[in-house]
Amino acid sequence: MAKKLIIGNWKMNPQSVAEARKIVTAIAAKVEQFKKVSVVIAPPALYLESLSKLKKITLAAQNLFWEESGAYTGEHSGAMLAKSGAKYVIVGHSERRAMGETSNMANKKIKAALKAGLKPILCIGESSRDEKGEYHTVIKTELTASLAGLKKANLKNCIIAYEPIWAIGKNATREATPAESLEMSIFIKKVLSDIFGADAAKSVQLLYGGSVNTKNAEAFLADGGVDGVLVGRESLNPLKFIQIIYSAEHLS
Ligand code: PGA
């Protein structure tokens, strides 16, 4: 069985680099013994360099800009993030889409990430579900636009996180079920296969994200049709995050 990928998205937390170092150190102390899991933390970009010096955990950035340098106030290039220690980068998270990020922008960011040697983690997800299943169209449109122009060979370096917006964060209307994750995983693979062919589609790692916690992580990992999970809130609590990682390590 391939290693499960457990990614923690810290968003705009914690409030100091000292606290960030403490959480990483606590997680790494346990994770070192685990063999069947790859763990990645996405801290605020400002903390990447300091956390990478700890040499304890694989890091992701939460965003990047598609240009390599120039007059883009407030932005960071893929190369800058890679030099600061990131190996992955989240692209198109729903909280960024809510601030205006489009799939077209996500597409440019994915290409820039790959060029900089970063593995993009593309987030896709519908804001609500309807009885007719129109949300499938949202997913297909987001996927098609975000991955436009990529080569088949790029897909093995891409991760796709299905994150239904209605299941994310403390305002979630409800948790998604592993069956819903499985159904969308199959749908996503089908869309990828239609665009890039079956082999390339198989090479993409799929994640589920949205209110993943110590109680439901195992079920998503076992029955959700995914290669891992993207964890928000519970990744800031070392004990809870370690428990989620533990459930991935001990899947039968
Ligand atoms: P949550 O966030 O686990 O706090 O719902 C997930 C995400 O936004 O990636």
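Order of listing sets the numbers, starting from 1, for every ligand and every atom in it.
Atoms of ligand 1 lying under 4.0 Å from any heavy atom of Gly210, numbered from 1 in the order shown and given with element: 5 (O). For ligand 1 and Asn9, the ligand atoms under 4.0 Å from any heavy atom of the residue are 9 (O).
With hydrogens left out, the protein atom closest to atom 2 (O) of ligand 1 is Lys11 NZ, 3.2 Å, a heavy atom. Ranking protein heavy atoms by distance to atom 4 (O) of ligand 1, first place goes to Arg233 NE, 2.7 Å. Ranking the protein heavy atoms by distance from atom 3 (O) of ligand 1 puts Gly232 N, 2.9 Å first. Taking atom 9 (O) of ligand 1 as the reference point, the nearest protein heavy-atom neighbour is Glu163 OE2, 2.8 Å.
In this structure the side chain of Val226 never reaches within 4.5 angstrom of the side chain of Tyr162, judged on heavy atoms. Looking at heavy atoms from C-beta onward, Leu221 lies in side-chain contact with Val229 at the 4.5 angstrom threshold.
Side-chain contact of Arg174 with Ser211: a donor-acceptor pair under 3.5 Å is absent, judged by distance alone. Side-chain contact annotation: Thr102 with Arg97, donor-acceptor N/O pair under 3.5 Å absent. A donor-acceptor contact closer than 3.5 angstrom is absent between the side chains of Lys111 and Asn154. The closest side-chain donor-acceptor pair between Glu75 and Trp66, if any, does not fall under 3.5 angstrom.
Note on ligand 1: Ser211 sits in its first shell, one or more heavy atoms being nearer than 4.0 Å. A heavy-atom separation below 4.0 Å is not found between Glu234 and ligand 1.
Note: His250 and Phe34 have perpendicular aromatic rings, judged against thresholds of 30 and 60 degrees for the angle between ring planes.
Backbone and side-chain nitrogen or oxygen atoms of Ile168 are examined, and none is located within less than 3.5 angstrom of a nitrogen or oxygen of ligand 1.
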